[in-house]
Amino acid sequence: MHVLNFMFIYRFFTLKEKESEVRSKESFWQRNPQGLNSSSANLKDWHDVEAMEREVIRKGIGESGRPAYISDQSKLELKEEMTKKNGFNAVLSDMISVHRSVPDTRFHGCQTKKYFANLPAVSIVIPFYNEHFSALVRSLHSIVSRTPSELIKEIILVDDFSDRVELKGQLDDYVRKYFPKVEIHRFRKRQGLIAARLAGAIKAVGDILVFMDSHIETNYNWLPPLLHPIVLDKRTVVCPMIDVIDDETFEYRIQDEGARGVFDWMFDYKRIPLFVNDMKDPTKPFESPIMSGGLFAISRDWFWELGGYDEGLDIWGGEQYELSFKIWMCGGRLLDAPCSRVGHIFRKTDWPGVTSDRKDDYLYKNYKRVAEVWMDEYKQYLYHHGHGLYEKIDAGDLTEQRALRNKLHCKSFKWFMENVAYDLLKEFPPKGTTDFAFGQIRNVGAPNLCLDTLGPPDYRPIGVEQCEKEKMFPSRNQDWSLSENHDLRMRGEEYCLQAVQKKANSVVVFYDCHNGSSDQLWYYNRKTQWLVYGKRRNFCLEAYPNYKEVVINRCKRNNANMKWTFVHVNDTLLDGYFKTLPT
Ligand code: UDP
Ligand code: MN
């Protein structure tokens, strides 16, 4: 198919068409209905021992993944320039052989592991956008030389409208010369990595799709450990353990002993320690809540049953959450296989990252699409950390995504959080979860009025305002917390309430929180509904509804303007309030 038509078809493919196309072909699992999960299934040592021996004796710069340096002073200026452009030392990349060897970083025991002798051939999909030439072709050489050729059906490169000339004709020529199984598809406009992966997946005919980045080096025998668990269960998705290719020296080394993937509430990808059980046999694949993103193997059937990626996700970001949530919630699982190792160039942290000419905030739009469709009530944690950003963003049409979730009878996000990512909340407590109480604070005497910052937090008395509709997660103006430091603050922030003087009718203003000081001591008495101030606990917050002001005054029963309701009180924590109070 010509590239022009290809793009046209890509955009107008509906999910249903994609599925029916897939169904019409018999998959590996249909051809091999039984026997694979029985112990009698044929196992095989897939190592190419001869090739490994040839690699080990290679000599030269960067061989065996050893760190390399540029000694030629005349190249330093070019090095700076190229590093800025690529986010890694591209000049050094050009000096290191594209066939260089890597160290065997696998755990002891992987070297003798056997996998099914009957494994399906894969389609490897690699999107690239302005990738440095030698890094790209080194990725390809590493794949082709370290993978049994019968296991590679095809390698599909998708050029996301790169504008570097060497990635056009020169790359075509190179591929024609060295890589008969590689085909290149080119976008006619920049669409981002999610669209590129989808486009590659649509073209793919292998029973298993393997997604890779364009700046990787596979390690010895990397593929069989990814495929074996998928053969056992085609709804299992498997990631390799990702090694580090140093952005400066190209040293190839391990990242750590392995970790489980999760996220924090800014939606940054995070890694947390393995469980003791997972470490008993370090060669055994372990469950991980979230994939790190670009490198994984998934059966083609399962990928399309899950609708691939949401086509509304633009350019870059959020897609690994979408797919990981879907995999777990809709009946699959996600593993990391420690005997499969792939090195990846993590670019310099000061590299500006993926640029795009998109006008809208595509990243947060992606996040919001994922949150709206999959995260149920937990989406509020995310939104709450966005400081009003999410509220301004239109996530677009989500009908198709929601229909998919219904059709597949996917479980709730609560299920995911409690059964898969059960330590996430502990590791990354969202704002509010360590608070004695949080959210809107409503006055009892004037129940349509809520405690309000009356603007940005500066040295100005706070007051009361019309209560906002959203109570648990109102805007910053009405979102309070009685925090674990026993202060009353803007939730998740460092602005604390303090009376200007400890005497009747004193106004209340913001100061920077100085955790634990008696000037900032507050308590919520659930019985009297008082917000009690100070160490001696004889002053209470009182509203003057007519003036929309608040002050402190001597606590007095039967004064409804002195009574407040906190929208969310953590009774267990509040029961222990005095125990945690420093003396
Ligand atoms: N990529 C792409 N289009 C984009 C951004 C990225 O095709 O708009 C490719 C990129 O060349 C790489 C893969 O997608 O092969 C993953 O992107 P990247 O490496 O930037 O992600 P990271 O590893 O930094 O998370
Ligand atoms: Mn990458």
Side-chain angles (χ1 to χ4, degrees), residues 3 7 10 83 85-90 93 124-140 142-143 155-164 166-168 171 182 184-203 209-218 239-247 250 252 255 261 263 267-271 290-296 309 311-324 342-358 360-363 365-367:
V3 185
M7 271 321 302
Y10 164 63
T83 301
K85 205 165 135 194
N86 292 283
F88 58 84
N89 192 344
S93 174
I124 301 177
V125 174
I126 308 179
F128 67 93
Y129 173 68
N130 282 349
E131 187 57 77
H132 185 64
F133 191 87
S134 63
L136 175 57
V137 301
R138 186 176 297 107
S139 307
L140 297 176
S142 83
I143 290 171
I155 300 176
I156 302 172
L157 293 184
V158 184
D159 176 1
D160 185 16
F161 200 49
S162 302
D163 47 32
R164 298 187 182 177
E166 70 275 17
L167 293 173
K168 307 298 169 186
L171 183 63
V182 172
I184 308 180
H185 297 285
R186 297 193 194 276
F187 277 177
R188 295 180 68 238
K189 63 176 202 281
R190 174 88 182 285
Q191 294 189 67
L193 88 96
I194 301 157
R197 281 198 201 131
L198 271 175
I202 288 171
K203 286 255 86 186
L209 309 174
V210 175
F211 294 95
M212 286 284 143
D213 274 11
S214 49
H215 35 253
I216 53 114
E217 288 170 73
T218 57
C239 301
M241 221 136 112
I242 302 178
D243 289 330
V244 176
I245 302 170
D246 192 276
D247 57 79
F250 270 67
Y252 184 113
Q255 190 172 177
F263 53 85
F267 243 9
D268 283 334
Y269 181 73
K270 296 283 174 186
R271 292 158 59 85
I290 305 287
M291 63 169 68
S292 77
L295 320 184
F296 62 99
Y309 289 113
E311 285 171 272
L313 300 179
D314 199 14
I315 302 286
W316 181 98
E319 83 287 350
Q320 87 267 46
Y321 300 130
E322 194 222 6
L323 194 55
S324 305
V342 178
H344 171 261
I345 306 179
F346 292 88
R347 276 172 295 221
K348 291 195 180 298
T349 42
D350 59 359
W351 190 65
V354 178
T355 51
S356 125
D357 54 7
R358 294 285 196 277
D360 62 340
D361 190 342
Y362 64 85
L363 183 62
K365 182 174 176 191
N366 289 356
Y367 288 173

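Each ligand, and each atom within it, is numbered from 1 in the order the structure gives. Because only heavy atoms are used, hydrogens play no part in the values below, and waters and symmetry mates are left out as well, while side chains stay in.
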message = Would you say Asp314 and Asn366 are linked by a side-chain donor-acceptor pair, where the criterion is simply a distance under 3.5 Å?
response = no
Counting only N and O atoms by type, is there a donor-acceptor contact under 3.5 Å from the side chain of [X] to the main-chain atoms of [Y]?
X      : Y      : value
Lys365 : Gly312 : no
Asp247 : Ile345 : no
Ser93  : Asn89  : no

message = Taking 4.0 angstrom as the limit and counting only heavy atoms of Phe128, give me the atoms of ligand 1 inside it, by number and element.
response = 7 (O), 11 (O)
query = If you count the atoms of ligand 1 from 1 in the order shown, which ones are under 4.0 Å from a heavy atom of His215?
reply = 12 (C), 19 (O)
task = Under the salt bridge (Lys or Arg N to Asp or Glu O under 4.0 Å) rule, collect the residues that match up with Glu217, sequence neighbours excluded.
result = Arg100
request  = Measure the acute angle between the ring planes of Phe267 and Tyr321, then classify it against the limits of 30° and 60° as parallel, tilted or perpendicular.
outcome  = parallel
inquiry  = Which residues pass the side chain to side chain contact (heavy atoms under 4.5 Å, CB included) test with Ile315, not counting sequence neighbours?
reply    = Arg190, Val354, Ser356, Arg358, Tyr362
message = Gln255: which residues meet the side chain to side chain contact (heavy atoms under 4.5 Å, CB included) condition with it, sequence neighbours left out?
response = Ile242, Val244, Arg271, Phe346
Among protein heavy atoms, which sits nearest to [atom], and what does the distance come to when rounded to 0.1 Å?
atom                    : value
atom 21 (O) of ligand 1 : Trp316 NE1, 3.3 Å
atom 3 (N) of ligand 1  : Asp160 OD2, 2.7 Å
atom 12 (C) of ligand 1 : Ser214 OG, 3.7 Å
atom 6 (C) of ligand 1  : Leu193 CB, 3.8 Å
atom 13 (C) of ligand 1 : Asp213 OD1, 3.5 Å
atom 8 (O) of ligand 1  : Arg190 NH2, 2.7 Å
atom 9 (C) of ligand 1  : Pro127 O, 3.8 Å

Against ligand 1, does [X] come closer than 4.0 Å with any heavy atom?
X      : result
Arg347 : yes
Gly192 : yes
His344 : yes

ask   = Would you say the side chain of Val182 lies within less than 4.5 Å of the side chain of Ile126, judging by non-hydrogen atoms?
value = no
Heavy-atom side-chain contact between Asp160 and Pro127 under 4.5 Å = no
ask   = Ignoring water, what protein N, O or S atoms are under 2.8 Å from the Mn ion (ligand 2)?
value = Asp213 OD2, His215 NE2, His344 NE2
request  = Check the pair Met291 / Phe211 against side chain to side chain contact (heavy atoms under 4.5 Å, CB included), numbers first and verdict last.
outcome  = CA-CA 12 Å; Met291 63 169 68; Phe211 294 95; over 6 Å; no
task = Could you point out which residue of Arg164, His185, Arg186 forms a side chain to side chain donor-acceptor pair (under 3.5 Å) with Asp159?
result = Arg186
